[in-house]
Peer 1: 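A single structure is presented below for examination.
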Amino acid sequence: MISATKNRALLGIVWAIIKTVFKLVYGILKFFNLHIAFLVAIVGVVLFFTGTLKNSVVLTVFYVAVIFSIVYAIFTTIKKLLGFGGKKVSKSKGVQIVDEEKSSSSDDKEDQDTTDYPKYYKVKQNPAYVMAEFKDRYELYLKTKDGLKLVRTDYKRN
């Protein structure tokens with residue numbers, strides 16, 4: 001008879017394998033932009049088992065959806081591989097990245113209101129990132145060989 005600890009260990013191994021397989025499948029779907037095609041396939045399976053797919057109109061619409069989702073995946077993957085698309089931010093000539101200490105040295109609130117925006121900060125946790133502060137928002141950028149790439153935007157509360 002297998003003890004409870006052996007059952008937990010075996011279940012942990014099985015769970016780790018299942019998670020790895022799902023992460024691998026998700027990685028493939030994400031890289032090739034097959035999310036929509038996968039969703040259409042799931043809808044097709046549901047329609048097949050409910051018997052709705054026998055209708056010629058529904059079958060035609062399903063085939064068109066499959067073709068469009070695969071064509072979309074092909075074009076977006078080619079676009080990604082060729083380096084087109086994505087939000088790239090070019091550096092302006094006068095922009096200078098400063099440390100937190102240099103930009104936060106003014107203690108007077110009036111001086112902070114009259115300063116020019118955006119202010120740039122280095123991210124201490126990861127030097128590959130730059131934070132830009134605007135009057136109404138913060139933007140996080142990733143330093144790449146092509147320049148700064150926008151990661152996310154957080155808006156300030158008034």
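Note that the structure is predicted; figures quoted are calculated from it, not measured. All residue numbers refer to positions in the sequence shown, counting from 1.
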Peer 1: Please report the shortest heavy-atom distance between Asn33 and Ala73, naming the atom on each side.
Peer 2: O-CB, 3.3 Å
Peer 1: Compare every heavy atom of Phe31 with every heavy atom of Thr77, then report the nearest pair and how far apart it is.
Peer 2: OG1-O, 4.0 Å
Peer 1: From Tyr120 OH over to Glu133 CD, what is the distance, rounded to the nearest 0.5 angstrom?
Peer 2: 11.5 Å
Peer 1: Would His35 and Tyr26 satisfy side chain to side chain contact (heavy atoms under 4.5 Å, CB included), going step by step from the backbone distance to the final call?
Peer 2: CA-CA 9 Å; His35 297 92; Tyr26 178 75; 3.7 Å; yes
Peer 1: Give me the atom names and distance for the closest heavy-atom approach of Thr50 to Leu47.
Peer 2: OG1-O, 3.1 Å
Peer 1: Does one hydrophobic cluster hold both Ile36 and Ile28, with members joined at side-chain heavy-atom distances below 4.5 Å?
Peer 2: no
Peer 1: Please say whether more than 12 non-hydrogen atoms of neighbouring residues, nucleotides or ligands are located less than 6.0 Å from NZ in Lys23.
Peer 2: no
Peer 1: Could you give the distance from CG (Leu29) to CG (Leu24), rounded to the nearest 0.5 Å?
Peer 2: 9.5 Å
Peer 1: Run through Val61, Leu59, Thr60 and flag the one making a side chain to side chain contact (heavy atoms under 4.5 Å, CB included) with Tyr63.
Peer 2: Leu59
Peer 1: Hey, quick one: are Met131 and Tyr155 part of the same hydrophobic cluster, counting side-chain heavy atoms closer than 4.5 Å, chains of contacts allowed?
Peer 2: no
Peer 1: Apply side chain to side chain contact (heavy atoms under 4.5 Å, CB included) to the pair Val130 and Lys122, showing each step before the final yes or no.
Peer 2: CA-CA 5 Å; Val130 174; Lys122 291 180 181 176; 5.8 Å; no
Peer 1: Rounded to the nearest 0.5 Å, how far does NZ of Lys119 lie from NZ of Lys135?
Peer 2: 10.0 Å
Peer 1: Tell me the closest heavy-atom pair linking Phe134 and Lys156, and the distance in Å.
Peer 2: O-NZ, 2.8 Å
Peer 1: Verify, without hydrogens or angle tests, whether Lys80 (side chain) and Phe32 (backbone) share a donor-acceptor contact under 3.5 angstrom.
Peer 2: no
Peer 1: Hydrophobic clustering (ILVMFWY, side-chain heavy atoms < 4.5 Å, transitive) - are Phe68 and Phe38 grouped together?
Peer 2: no
Peer 1: What pair of heavy atoms forms the shortest contact from Pro118 to Ala132, and how long is it?
Peer 2: CB-CB, 4.5 Å
Peer 1: Is there a path from Leu39 to Val45 through hydrophobic residues (I, L, V, M, F, W, Y) whose side chains come within less than 4.5 Å of each other?
Peer 2: no
Peer 1: First locate atom OH of Tyr72, then atom CG of Leu34, and finally report the distance between them rounded to the nearest 0.5 Å.
Peer 2: 10.5 Å
Peer 1: State, to 0.1 Å, how close Phe62 and Val40 come at their nearest heavy-atom pair, and which atoms those are.
Peer 2: CE1-O, 3.4 Å
Peer 1: Can you tell me how far apart CG (Leu150) and CG (Leu140) are? Round to the nearest 0.5 Å.
Peer 2: 8.0 Å
Peer 1: Could you see if Val43 belongs to whatever hydrophobic cluster contains Val66? Use Ile, Leu, Val, Met, Phe, Trp, Tyr and a side-chain cutoff under 4.5 Å.
Peer 2: yes
Peer 1: Just how far is it from atom CZ of Arg137 to atom CG of Asp154, taken to the nearest 0.5 Å?
Peer 2: 11.5 Å
